[in-house]
Amino acid sequence: EAGVTQFPSHSVIEKGQTVTLRCDPISGHDNLYWYRRVMGKEIKFLLHFVKESKQDESGMPNNRFLAERTGGTYSTLKVQPAELEDSGVYFCASSRGANEKLFFGSGTQLSVL
Amino acid sequence: DQQVKQNSPSLSVQEGRISILNCDYTNSMFDYFLWYKKYPAEGPTFLISISSIKDKNEDGRFTVFLNKSAKHLSLHIVPSQPGDSAVYFCASTGTASKLTFGTGTRLQVTL
């Protein structure tokens, strides 16, 4: 069984540009989460999808971040326009049920210069 | 305001000895606690968990202890092995399914 897949693994962009991160959860997992780790700090929750619906987006930093999960399969996280403080590692995780074990992807290392 | 704190950014332990990683939390609504392990360039992987109704959970070399009155949990690894070298994150959850993580402790197991 394939794990959670994230693409790209690394992205280097300039301030003001747009970047789109993609996450493919484990097949059959209705719950999909985005987390972010900035500069060696804690891993912070961004948002939670149940199928295609946003269950909780309380961790989204601001309206420059847009997450979608059309069709309830893969998800994208777009940052537009990117700022320096958006640099960090963006992790996606999925689970079958809302209170079940999370499986994390390897993350996307985003560097905004 | 950090609700889950790991005050030791790093820990070095000799192979075969016990590793003790600590975590403190402030939110009394947390009722489930987890430890995740992370190798470089990989995502966190689940290691062990404990419910607030218990004070100890053991899985092989790994044991998690929970002290609810002190809002403190710890992970014991014994005996420590070189392959245990990684960053360990403590995480907690309450009624919501989202996890609140600490900043991580880097464990180095030396030969």
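Heavy atoms only: backbone and side chains are in, while hydrogens, waters and symmetry mates are out. Reminder, nothing fancy here: chain letters follow the sequence lines and each chain counts from 1.
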Does atom [atom1] ([X]) have a neighbourhood of more than 12 heavy atoms from anything else shown, all under 6.0 Å?
| X | atom1 | answer |
| --- | --- | --- |
| Glu14(A) | CD | no |
| Phe62(B) | CZ | yes |
| Lys54(A) | NZ | yes |
| Arg17(B) | CZ | no |
| Phe7(A) | CZ | no |

Next item on the list: Indicate, with yes or no, if Tyr36(B) and Val89(A) share a hydrophobic cluster defined by side-chain heavy-atom contacts under 4.5 Å among Ile, Leu, Val, Met, Phe, Trp and Tyr.
Entry: yes
Notebook entry, point to check: Under a 4.5 Å side-chain heavy-atom rule over Ile, Leu, Val, Met, Phe, Trp and Tyr, are Phe30(B) and Ile43(A) clustered together?
Noted result: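 Phe30(B) and Ile43(A): separate clusters.
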Next item on the list: Please state whether the side chain, the backbone, both or neither of Gln6(B) comes within less than 4.5 Å of a heavy atom of chain A.
Entry: neither
Notebook entry, point to check: With chain B, which of Gln55(A), Lys41(A), Gln6(A) has the greatest number of heavy-atom pairs at distances under 4.5 Å?
Noted result: Lys41(A)
Checklist line | Closest approach of Glu42(B) to Phe91(A) (non-hydrogen atoms, all atoms of both residues) | finding: O-CE2, 4.0 Å
Margin query: Is it the case that the side chain of Tyr35(A) and the backbone of Leu99(B) share a donor-acceptor pair, with hydrogens and angles ignored and the cut-off at 3.5 Å?
Written below: yes
Between [atom1] on residue [X] and [atom2] on residue [Y], distance to nearest 0.5 Å:
| X | Y | atom1 | atom2 | result |
| --- | --- | --- | --- | --- |
| Met39(A) | Thr103(B) | CE | OG1 | 13.5 Å |
| Lys98(B) | Glu57(A) | NZ | CD | 11.5 Å |
| Phe46(B) | Phe103(A) | CZ | CZ | 9.5 Å |
| Glu42(A) | Gln3(B) | CD | CD | 10.0 Å |

Item checked: Under 4.5 Å from a heavy atom of chain B, the part of Leu102(A) involved -> both
Margin query: Given heavy-atom pairs under 4.5 angstrom as the criterion, report whether the side chain, backbone, both or neither of Ser9(A) touches chain B.
Written below: neither
